[in-house]
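What follows is a set of notes on a single structure, which appears directly below.
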Amino acid sequence: MSAIKSYDHPTNADQFNKDQARTHWHDSSLWFIREKRDRMSKSLPEWETLRTCASQIKAHTVSKLADYLEEFEKNATARGATVHWAKDAEEHNRIVLEILQKHQTKRIVKSKSMLTEECHLNPWLEKHGIEVVDTDLGERIVQLRNEPPSHIVMPAIHLKKEDVSNTFHEHLQTEQGNYDPNYLTESARQHLRQKFCQADAGITGVNFAIAETGGFVVCTNEGNADLGVSLPKVHIACMGIEKLIPKVDHLSIFLRLLARSATGQPITTYSSHFHGPIEGGELHIVLVDNGRSKLMNSDDYRNSLKCIRCGACMNTCPVYRRSGGHSYAATVPGPIGSILNPLRDAKHHKTLPFACTLCGSCSDVCPVKINLHEQLLTLRTEVKNQKQLPISKTLPMQIASFVFQRPKLFAWLGGVGKFFLRTMPRFLIYNAMNPWGRNREMPEAPPESFRKQYAQRVKKKSDK
Amino acid sequence: MSSKDQILKSVRNQLVPSADLPSLDQDWIQYDDAVAHFGDVLQAVGGTAIAVEGIDGLTEELAKIPAYTAAKKTVSCIDGLVGTVDLDRVEDPHELEDIDYAVLPGEFAVAENAAVWVTDTKLRHRVIAFIPQHICLVIHCPDGNVEKAVVHNMAEAYQRLTWSRNEFGCFISGPSKTADIEQSLVIGAHGARSLHVFFVI
Ligand code: SF4
């Protein structure tokens with residue numbers, strides 16, 4: 001199952017659904033995590049207060065973002081870090097390469113960062129002769145397979161242990177047919193330890209950056225970020241400008257929400273607070289815009305900047321669970337990705353706002369209270385207004401509108417529909433003309449129309 | 001115009017309605033027995049908590065841990081307990097690659113999530129918290145009172161912290177772990193394979 005090339009979500013989802021057993025397995029793995037999240041959120045009576053606070057802190061930060069960015073730069077610099085500014089992905093990549101070249105870096109270790117993924121940093125560095133090793137186990141697995149991550153927190157959630165075993169057998173010479181997760185993890189541990197010890201520099205993402213102190217926090221369960229940046233002398237931290245929070249005390253809110261929402265843990269194993277470089281080392285922080293400032297202006301979409309990348313909306317989404325992360329053909333998949341990607345590149349990602357049932361579950365679990373499903377609905381209108389909708393979606397709507405405006409025609413067609421549903425052979429109802437019926441049954445036709453039942457009721461009453 | 005000016009200008013030019021910060025002074029969770037809760041949660045995330053009396057008690061308990069007794073190279077950053085490698089004499093942190101066991105100071109513990117606050121104030125190389133095969137964290141309890149070393153929640157935890165100097169700090173909650181292979185929990189990903197927390201009274 002290699003990376004999917006097309007941008008069209010239904011086509012990609014179709015491909016994922018070819019293996020029904022795997023689709024069900026994927027669905028239930030994610031639901032299991034969603035249930036853990038539910039248990040964790042219920043263990044704190046103040047859960048809703050935390051969500052409200054987090055949402056307010058983020059709204060406030062965005063409203064004063066320029067000031068906080070300046071405050072952050074001033075304080076980070078005072079602690080010995082060097083702050084860089086990148087307006088887009090290209091500039092981000094150039095800055096990182098320059099730092100690495102200055103130190104004649106040959107090998108780097110990276111801990112999971114969606115931003116560097118968004119900027120396509122790996123291929124860029126590799127093109128310039130630098131070996132890049134992703135050190136989060138899931139990331140390493142997909143990196144060896146030459147695939148993008150399929151989930152922002154669990155990059156290899158789409159793979160079975162057999163897949164991992166085969167990949168490791170090929171690249172790390174592990175025993176063929178040994179599917180034991182303990183054995184496989186241990187092999188990766190040994191392999192990656194070498195990489196940690198050989199690296200000339202470490203790159204991390206940033207979960208939260210603090211304007212008040214000029215520091216930042218990185219959260220992992222494996223400890224890979226920490227190992228990666230405390231052996232070599234150079235640490236480069238890459239962050240989107242929306243990762244800022246005003247005060248260090250605000251972390252108490254976000255660290256309580258993040259892991260509980262993401263994997264159903266009370267906190268990640270390691271929540272590291274970096275304030276300045278290690279002894280004799282260098283710390284570089286790259287602040288990246290790459291389209292984020294444009295989102296700030298829109299009342300409809302500004303909220304999406306609050307996202308803390310916990311992945312809860314993906315785990316709960318009935319469409320994501322049954323179509324897999326790769327079907328979104330984007331760094332950030334799922335509900336939040338279906339908002340962020342079309343806003344950045346409407347042409348390619350126009351099908352994403354429709355990869356949604358509007359059930360609202362994403363908005364219910366989002367720890368920063370982003371109104372995800374409402375934004376998705378608004379986006380659909382926009383896609384329609386930009387005339388980006390395929391005729392298969394617009395024509396039925398036009399017909400429906402025509403019919404609904406003519407009650408007699410509607411009544412007559414209802415009868416015709418019921419007749420056909422009851423009497424037609426299956427192949428005439430379930431075929432290419434009816435995409436709705438492809439993976440589900442059509443409703444059973446009632447014996448009598450509602451209109452008829454109602455008329456009878458009214459008649460009975462007046463007879464009494 | 002530099003990228004910095006461009007970004008700041010473009011961020012400043014947006015029409016964003018103002019929004020107030022919420023109060024952090026709220027009724028955050030309190031546990032009847034915060035120490036016991038800490039122990040329970042730590043166990044759930046793969047660690048163990050034990051209260052010991054003084055350095056003698058610590059040495060005694062360590063002697064019961066197979067990973068400690070089998071360790072060839074150890075580091076201790078606790079007064080009164082010696083390791084085989086002196087951290088302060090190590091120039092290059094890469095030399096710590098084969099440390100089997102490290103005994104490190106923790107500052108205080110958080111009941112709600114079994115996190116222990118660890119800084120590099122007394123650790124010359126911060127990698128010592130991550131590179132050994134096994135670690136334990138030792139928390140000295142003021143007046144021999146374990147309750148004073150355990151806060152209930154993260155809001156209280158941040159009240160205790162100061163950020164005056166260039167300090168690295170980490171909340172560590174249990175041993176290193178991963179669930180990236182089919183969601184099976186495996187302890188010992190890159191960091192420590194086990195974590196014991198000792199409250200020294
Ligand atoms: S939108 Fe909300 S739920 Fe989804 S990843 Fe972001 S913070 Fe988590």
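Note on naming: letters A, B, ... go to the chains in the order of the sequence lines (proteins, then strands), and numbering restarts at 1 for each one.
Contact annotation for B:Ala155: both backbone and side-chain heavy atoms come within less than 4.5 Å of a heavy atom of chain A. Heavy atoms of A:Arg193 lying under 4.5 Å from chain B belong exclusively to its side chain. With a 4.5 Å cut-off on non-hydrogen atoms, A:Arg260 touches chain B through its side chain but not through its backbone. When heavy atoms are compared at a cutoff of 4.5 Å, A:Glu212 does not approach chain B at all. Both the backbone and the side chain of B:Pro17 come within contact range of chain A, judged by heavy atoms closer than 4.5 Å. For A:Ile57, the parts lying under 4.5 angstrom from a heavy atom of chain B are both the backbone and the side chain. In this structure, chain B has no heavy atom under 4.5 Å from any part of A:Thr61. For B:Glu97, the parts lying under 4.5 angstrom from a heavy atom of chain A are both the backbone and the side chain. Both the backbone and the side chain of A:Thr185 come within contact range of chain B, each with at least one heavy atom under 4.5 Å from a heavy atom of that chain. When heavy atoms are compared at a cutoff of 4.5 Å, A:Ile278 approaches chain B by way of both its backbone and its side chain. For B:Leu8, the parts sitting under 4.5 Å from any heavy atom of chain A are the backbone and the side chain alike. Interface remark: A:Leu251 contributes backbone and side-chain atoms alike to the contact with chain B (heavy atom separation under 4.5 Å). Residue contact with chain B, scored on non-hydrogen atoms closer than 4.5 Å, is absent for A:Ala259. Looking at A:Leu65, the atoms closer than 4.5 Å to chain B (heavy atoms on both sides) sit in the backbone and in the side chain alike.
Within the 4.5 Å cutoff, the side chain of A:Gln265 has no heavy atoms near those of the B:Val45 side chain. Looking only at side-chain heavy atoms (C-beta outward), A:Tyr179 and B:Ile181 stay at 4.5 Å or farther from each other. Between B:Asp180 and A:Pro155 there is a side-chain heavy-atom pair separated by less than 4.5 Å. Looking only at side-chain heavy atoms (C-beta outward), A:His60 and B:Asp20 stay at 4.5 Å or farther from each other. Side chains of A:Glu91 and B:Ser3 form a contact here, defined as non-hydrogen atoms less than 4.5 Å apart. Side-chain atoms of A:Ile267 and B:Met154, non-hydrogen and from C-beta on, do get closer than 4.5 Å to each other.
Shown here for B:Glu182 and A:Leu159, the closest heavy-atom pair between the two residues is CG-O, 3.9 Å. Closest approach of A:Thr269 to B:Pro175, counting heavy atoms only: CG2-O, 3.4 Å. Between B:His190 and A:Leu137, the shortest heavy-atom contact is NE2-N, 4.5 Å. Across every non-hydrogen atom of B:Val11 and A:Ala66, the tightest pair is CG1-N, 3.5 Å. Nearest heavy atom pair, residue A:Tyr270 against residue B:Ala192, reads OH-N, 3.7 Å.
Options A:Ile33, A:Ile141, A:Thr52, A:Ile241 differ in how many heavy-atom pairs under 4.5 Å they form with chain B, and the most are formed by A:Ile33. Among A:Glu186, A:Lys64, A:Glu139, the residue making the largest number of heavy-atom pairs under 4.5 Å with chain B is A:Glu186. Options B:Ala189, B:Ser23, B:Ala179, B:Ser10 differ in how many heavy-atom pairs under 4.5 Å they form with chain A, and the most are formed by B:Ala189. For the set A:Val248, A:Asp249, A:Leu184, A:Val164, the entry with the most heavy-atom pairs within less than 4.5 Å of chain B is A:Val248. Chain B forms more heavy-atom pairs under 4.5 Å with one residue of A:Asp163, A:Leu44, A:Thr263 than with any other, namely A:Leu44. Of the listed residues A:Asp226, A:Val83, A:Leu287, A:Asp289, the one with more heavy-atom pairs under 4.5 angstrom with chain B than any other is A:Asp226. Among B:Ala157, B:Gly174, B:Gly188, the residue with the largest count of heavy-atom pairs under 4.5 Å with chain A is B:Gly188. Counting heavy-atom pairs under 4.5 Å between each of A:Pro246, A:Cys197, A:Ala188, A:Cys219 and chain B puts A:Cys197 at the top. By number of non-hydrogen pairs under 4.5 angstrom with chain A, the leading residue of B:Ser18, B:Cys170, B:Ala114, B:Ala44 is B:Cys170.
Within a 6.0 Å radius of CD in B:Gln30, more than 12 heavy atoms belonging to other residues, nucleotides or ligands are found. Enclosure of atom CZ in B:Arg89 is not indicated, since only 12 or fewer non-hydrogen atoms of other residues, nucleotides or ligands lie within 6.0 angstrom. The number of heavy atoms from other shown groups lying within 6.0 Å of CG (B:Asp88) is above 12. Annotation: A:Glu90, atom CD; neighbour count of heavy atoms from other residues, nucleotides and ligands within 6.0 Å does not exceed 12. Other residues, nucleotides and ligands contribute only 12 or fewer heavy atoms inside 6.0 Å of the CD atom of B:Glu60.
In summary, the aromatic rings of A:His275 and B:Phe168 are positioned with their centroids too far apart to meet the 6.0 Å limit. The distance between the ring centers of A:His250 and B:Tyr158 does not fall below 6.0 angstrom.
Distance check: A:Thr268 OG1 to B:Phe171 CZ gives 10.5 Å after rounding to the nearest 0.5 Å. For the atom pair CG of B:Leu21 and CD1 of A:Ile245, the computed distance is 10.5 Å after rounding to the nearest 0.5 Å. Considering CD of B:Gln26 and CD of A:Glu46, their distance stands at 9.0 Å, rounded to 0.5 Å. Rounding to the nearest 0.5 Å places OG1 of A:Thr220 at 10.0 Å from NZ of B:Lys177. Between atom NE2 of residue A:His273 and atom CH2 of residue B:Trp117 there is a gap of 4.5 Å, rounded to the nearest 0.5 Å.
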Contacts under 3.5 angstrom, residues 128-139 of chain B side chains, donor-acceptor by atom type, not counting sequence neighbours:
from     : atom 1 : to       : atom 2 : distance (Å)
B:Gln133 : OE1    : A:Arg189 : NH2    : 2.9
B:Gln133 : OE1    : B:Arg193 : NE     : 2.7
B:Gln133 : OE1    : B:Arg193 : NH2    : 3.2
B:His134 : ND1    : B:Ser194 : OG     : 2.8

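The pair B:Arg124-A:Glu279 counts as a salt bridge, with a side-chain nitrogen and a carboxylate oxygen less than 4.0 angstrom apart. Ion pairing of B:Glu112 with A:Arg256 is present here, as a side-chain N (NZ or NE/NH1/NH2) and a carboxylate O approach within less than 4.0 Å. Between A:Glu73 and B:Lys4 there is a salt bridge, since a side-chain N of the basic residue sits under 4.0 Å from a carboxylate O of the acidic one. A salt bridge links A:Asp67 to B:Arg12: one of the charged nitrogens lies within less than 4.0 Å of a carboxylate oxygen.
For the residue pair A:Glu222 and B:Thr178, a side-chain donor N or O sits within less than 3.5 Å of a side-chain acceptor on the partner.
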Discussion item. Could you walk me through whether A:Trp85 and B:Gln6 satisfy the side chain to side chain contact (heavy atoms under 4.5 Å, CB included) test, starting with their C-alpha distance in whole Å, then the side-chain angles of each, then the deciding distance to 0.1 Å, before giving a yes or no?
Written reply: CA-CA 9 Å; A:Trp85 301 72; B:Gln6 269 184 50; over 6 Å; no

Discussion item. Let's go through A:Met154 and B:Gln183 carefully: what are the C-alpha distance in whole Å and the side-chain angles of both, what is the deciding distance for side chain to side chain contact (heavy atoms under 4.5 Å, CB included) to 0.1 Å, and is it a yes or a no?
Written reply: CA-CA 9 Å; A:Met154 296 159 283; B:Gln183 289 301 299; 3.4 Å; yes

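Put simply, the side chain of A:Asn297 gets close to the backbone of B:Leu15: a donor and an acceptor are under 3.5 Å apart.
Checked against ring pair (Phe, Tyr, Trp, His ring centres under 6.0 Å), A:His235 has the following partners two or more places apart in sequence or in another chain: A:Phe216, A:Phe274.
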